[in-house]
Visitor: 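Starting off with a structure, shown below.
Just so we're clear, the structure is a prediction, and the values are computed from it rather than from any experiment.
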Amino acid sequence: MIKLHLLYLASAAVLSASAFSPASVPCSKVNFAETQLFMNKRKSKKNTSKSSGRGFGMAGTASETSFPYAGTVKPGTISPQRVVMDETIPLPDYALDGVPKKKSSQLLPWIIEVKKPEEIEKMKAAGKLARDILDLAGRAVAVGVTTDEIDTIVHEAVVKAGAYPSPLNYHGFPKSCCTSVNEVICHGIPDSRKLEDGDVINIDITTYLDGYHGDCSEMFVVGEASPEAKKLLQTTYDSWIKACNYVKPGRDYKDIGGIVEDHVVAEGFSTVKNFCGHGIGSVFHTTPNILHYRNNEPNGQMAAGHTFTIEPMICEGSAKVLSWPDDWTATTVDGRRSAQFEHTLLITEDGVEALTAKNEDSMLQFWEKESKVHQGFWIGTSENAKKRASEINSALMLS
């Protein structure tokens, strides 16, 4: 989910923004003087113990009202930040002050944690909950609904399930999910803007359950989508599934990017380089760093027990990023649309499984029906995943 800047201070690393981090920075080579992994946002003096949103109902600041927004989406009013008060719900270490304290134990980008069986079971539970919440949020998408209303649905459902919404107060993020509409690439802050007919929206959900995070996102169409929007969503989805299909023990993480880039460029689209996928577990963002463009970065080799996200952000026009004054929202510089899909994945001995996979109650979208890469719900490539997918998809296609 939330795209966090990953800076590896070791040999041949990449400076990029992993799933959840504010203000983007360009990917660039960095010399390794130290061997420490930093997952940090752009330096800011603001207090992260609560949101710095526009005064919760007050008018925008001078810098915001004069800011050269690239497209039709403009910031609305942000409602007061919630706090999880239920003392029975375990909180991540950043919940109260916005500062993550638990660091990855892996100091080099090619060193990746192998989850133990008991950890995998907890991640499966967190992933399933994230999927259920994402499905719930998606069903709320409609003309006239505000993204803040979607955030309320998400927050209340996560807490009711005995979990914590991972984005909330992570480095000061003021809401419980991300809602990225049209030209917003990622980290859109839910606010008072009403969804309009023809909008496309990415809803990004992460849940923290029993000490582990589950992270996923999906696109939804408001009303009727234009043919151009449909092509963007279909291309993004197919590139994502191609990348997921590539995953198996022994392969290099760096090769995921070329699969995505080759597919989308051939269709006339571009892939964002400022943000990337990431390892996930008890720590929200860790190794490996998943780049969605062709690269030669030493981000390690796949092995059974690894858990991570693939989450390409694909654009109709330029993939360059415009960062809003809120220090979170990232849009395309030309105001054209962007799309994204995301799963938390588990590598098994015989392939890969989506821990945030869809189930019998999930919505079947047009890109899943019409995909030339994989029709129906994609659950994974392991024997167990393919068997499960066959059962669910057989029922879906008949209904």
Visitor: The test is salt bridge (Lys or Arg N to Asp or Glu O under 4.0 Å); show your working for D135 and R131 and say whether it passes.
Guide: CA-CA 6 Å; D135 288 349; R131 163 52 55 190; 2.9 Å; yes
Visitor: Salt bridge (Lys or Arg N to Asp or Glu O under 4.0 Å) between E383 and K386: does it pass, once the steps are laid out?
Guide: CA-CA 5 Å; E383 289 304 314; K386 288 189 288 188; 3.2 Å; yes
Visitor: Check step by step if salt bridge (Lys or Arg N to Asp or Glu O under 4.0 Å) holds for K115 and E113.
Guide: CA-CA 6 Å; K115 300 296 190 298; E113 179 185 22; 3.3 Å; yes
Visitor: Is it true that the side chains of S382 and N384 contain a donor and an acceptor less than 3.5 Å apart?
Guide: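 N384 and S382 do not have a side-chain donor-acceptor pair below 3.5 Å.
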Visitor: For the CD1 atom of I314 and the OG atom of S338, what is their distance to the nearest 0.5 Å?
Guide: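 These two atoms lie 7.5 Å from each other.
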Visitor: Listed by chain and number, what are the side-chain hydrogen bond (donor to acceptor under 3.5 Å, both in side chains) partners of W378, not counting sequence neighbours?
Guide: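 Per chain and number, W378 pairs via side-chain hydrogen bond (donor to acceptor under 3.5 Å, both in side chains) with N245.
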Visitor: Taking all non-hydrogen atoms of both residues, which atom of V99 and which atom of K101 are closest, and how far apart?
Guide: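 Taking V99 first and K101 second, the nearest heavy atoms are O-NZ, 2.7 Å.
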Visitor: Would you please indicate yes or no on a ring centroid separation below 6.0 angstrom for W110 and Y253?
Guide: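 No; W110 has its ring centre 6.0 Å or more from that of Y253.
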Visitor: Supply the atom-to-atom distance D334 CG to E316 CD, rounded to the nearest 0.5 angstrom.
Guide: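 The CD atom of E316 is 8.5 Å from CG of D334, to the nearest 0.5 Å.
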Visitor: Could you check whether D238 and T235, counting side-chain N and O atoms only, form a donor-acceptor pair closer than 3.5 Å?
Guide: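 Not at all, the side chains of T235 and D238 share no donor-acceptor pair under 3.5 Å.
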Visitor: Mind running side chain to side chain contact (heavy atoms under 4.5 Å, CB included) on I290 and E311 for me, showing each step along the way?
Guide: CA-CA 8 Å; I290 308 299; E311 46 184 303; over 6 Å; no
Visitor: Mark yes or no for whether Q340, through its side chain, and M219, through its backbone, hold a donor-acceptor pair below 3.5 Å.
Guide: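 Not a single qualifying donor-acceptor pair exists.
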Visitor: Side chains of L136 and V154, heavy atoms from C-beta outward: is any pair under 4.5 Å?
Guide: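 When only atoms from C-beta onward are counted, V154 and L136 do not touch, as no gap falls below 4.5 Å.
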Visitor: In plain terms, say whether K358 and E368 are close enough for a salt bridge, that is, a side-chain N and a carboxylate O under 4.0 Å apart.
Guide: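 Salt bridge between K358 and E368, a charged N being under 4.0 Å from a carboxylate O: yes.
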Visitor: What's the separation between atom CG in L195 and atom CD1 in I150, rounded to the nearest 0.5 Å?
Guide: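 Those atoms lie 5.0 Å apart.
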Visitor: Looking at side-chain heavy atoms only, is the closest gap between S371 and Y237 below 4.5 Å?
Guide: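 In short, these two side chains touch, coming nearer than 4.5 Å.
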Visitor: Indicate yes or no: at least one non-hydrogen side-chain atom of L233 is less than 4.5 angstrom from one of V221.
Guide: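 The answer is yes; the side chains approach within 4.5 Å.
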Visitor: Taking the six-membered ring for Trp and the full ring for Phe, Tyr or His, determine whether the centres of H187 and F275 are under 6.0 Å apart.
Guide: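 Yes, close enough.
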Visitor: Taking the side chain as everything from C-beta on, heavy atoms only, tell me whether S166 gets closer than 4.5 Å to F173.
Guide: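 Heavy-atom side-chain distance check fails, nothing below 4.5 Å.
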Visitor: When hydrophobic residues are tied together by side-chain contacts of less than 4.5 Å, even through go-betweens, does Y164 share a cluster with I153?
Guide: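 Result: no, two separate clusters.
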Visitor: Which distance, rounded to the nearest 0.5 Å, do you find between the NE2 of H285 and the OH of Y170?
Guide: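 Between atom NE2 of H285 and atom OH of Y170 there are 5.0 Å.
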Visitor: I'd like to check N202 versus E218 (side-chain heavy atoms, cut-off strictly below 4.5 Å). Are they in contact?
Guide: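 Answer no - side chains too far apart.
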Visitor: Nearest 0.5 Å, what's the CD1-CG distance between I379 and N393?
Guide: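 That separation rounds to 6.5 Å.
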Visitor: Would you give the length of the straight line joining atom OG of S226 to atom NZ of K231, rounded to the nearest 0.5 angstrom?
Guide: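 Nearest 0.5 Å value for the OG-NZ distance: 12.0 Å.
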Visitor: Donor-acceptor pair, distance only, cut-off 3.5 Å: does the side chain of D148 make one with the backbone of I78?
Guide: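 Judged by distance alone, no pair lies under 3.5 Å.
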Visitor: For the residue pair Y208 and H213, does the interplanar ring angle fall in the parallel (under 30°), tilted (30 to 60°) or perpendicular (over 60°) class?
Guide: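 The arrangement is tilted - the two ring planes meet at 30° to 60°.
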Visitor: Got Y293 and V260 here, is their nearest side-chain heavy-atom distance under 4.5 Å?
Guide: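 Not touching, per the 4.5 Å side-chain cut-off.
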Visitor: If you measure from the Lys or Arg side-chain nitrogens to the Asp or Glu carboxylate oxygens, is any gap between D262 and R294 under 4.0 Å?
Guide: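 Result for this pair is yes, salt bridge flagged.
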Visitor: Could you tell me which residues satisfy salt bridge (Lys or Arg N to Asp or Glu O under 4.0 Å) with K254, sequence neighbours excluded, listed by chain and number?
Guide: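 Scan of K254 (salt bridge (Lys or Arg N to Asp or Glu O under 4.0 Å), adjacent residues dropped) gives none.
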Visitor: I want to check something: taking the side chain as every heavy atom from C-beta on, are V247 and I310 in contact at a cut-off of under 4.5 Å?
Guide: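 Yes. Closest side-chain heavy atoms under 4.5 Å.
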Visitor: Would H155 and I133 satisfy side chain to side chain contact (heavy atoms under 4.5 Å, CB included), going step by step from the backbone distance to the final call?
Guide: CA-CA 9 Å; H155 181 90; I133 300 299; over 6 Å; no
Visitor: Any chance the rings of H343 and W240 have centres within less than 6.0 Å?
Guide: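 Yes: the rings meet the under 6.0 Å criterion.
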Visitor: Any luck finding a side-chain donor-acceptor pair between S79 and K175 under 3.5 Å?
Guide: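 A pair is found: one side chain offers a donor N or O, the other an acceptor, under 3.5 Å apart.
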Visitor: Checking R388 against E360 for the salt bridge (Lys or Arg N to Asp or Glu O under 4.0 Å) test, could you report, in this order, the C-alpha distance in whole Å, the side-chain angles of both residues, the deciding distance, and whether it holds?
Guide: CA-CA 10 Å; R388 176 69 173 148; E360 297 90 339; 2.8 Å; yes
Visitor: Flag the pair R251 and D255 as a salt bridge only when some basic side-chain nitrogen lies within less than 4.0 angstrom of an acidic carboxylate oxygen.
Guide: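 No.
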Visitor: Does T179 reach the side chain of I201, with side-chain heavy atoms less than 4.5 Å apart?
Guide: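 They are in side-chain contact.
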Visitor: Looking only at side-chain N and O atoms, does T152 offer a donor or acceptor that is under 3.5 Å from a partner on R82?
Guide: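 Side chains of R82 and T152: pair found under 3.5 Å.
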Visitor: Just jot down the salt bridge (Lys or Arg N to Asp or Glu O under 4.0 Å) partners of K124, sequence neighbours excluded, or say none.
Guide: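 Here the qualifying residues are E121.
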Visitor: Is any side-chain N of the basic residue among R337 and D199 closer than 4.0 Å to the acidic one's carboxylate O?
Guide: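 Not counted as a salt bridge, because no side-chain N and carboxylate O are separated by less than 4.0 Å.
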Visitor: With D191, which of T146, T147, D151, T77 fulfils side chain to side chain contact (heavy atoms under 4.5 Å, CB included)?
Guide: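 When T146, T147, D151, T77 are each tested with D191, the side chain to side chain contact (heavy atoms under 4.5 Å, CB included) holds only for T147.
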Visitor: Going by atom types only, do S239 and H263 share a side-chain donor-acceptor pair under 3.5 Å?
Guide: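 No donor-acceptor contact under 3.5 Å links the two side chains.
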Visitor: Is E196 salt-bridged to K194, cutoff N-O under 4.0 Å?
Guide: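 Looking at E196 and K194, the cut-off is not met.
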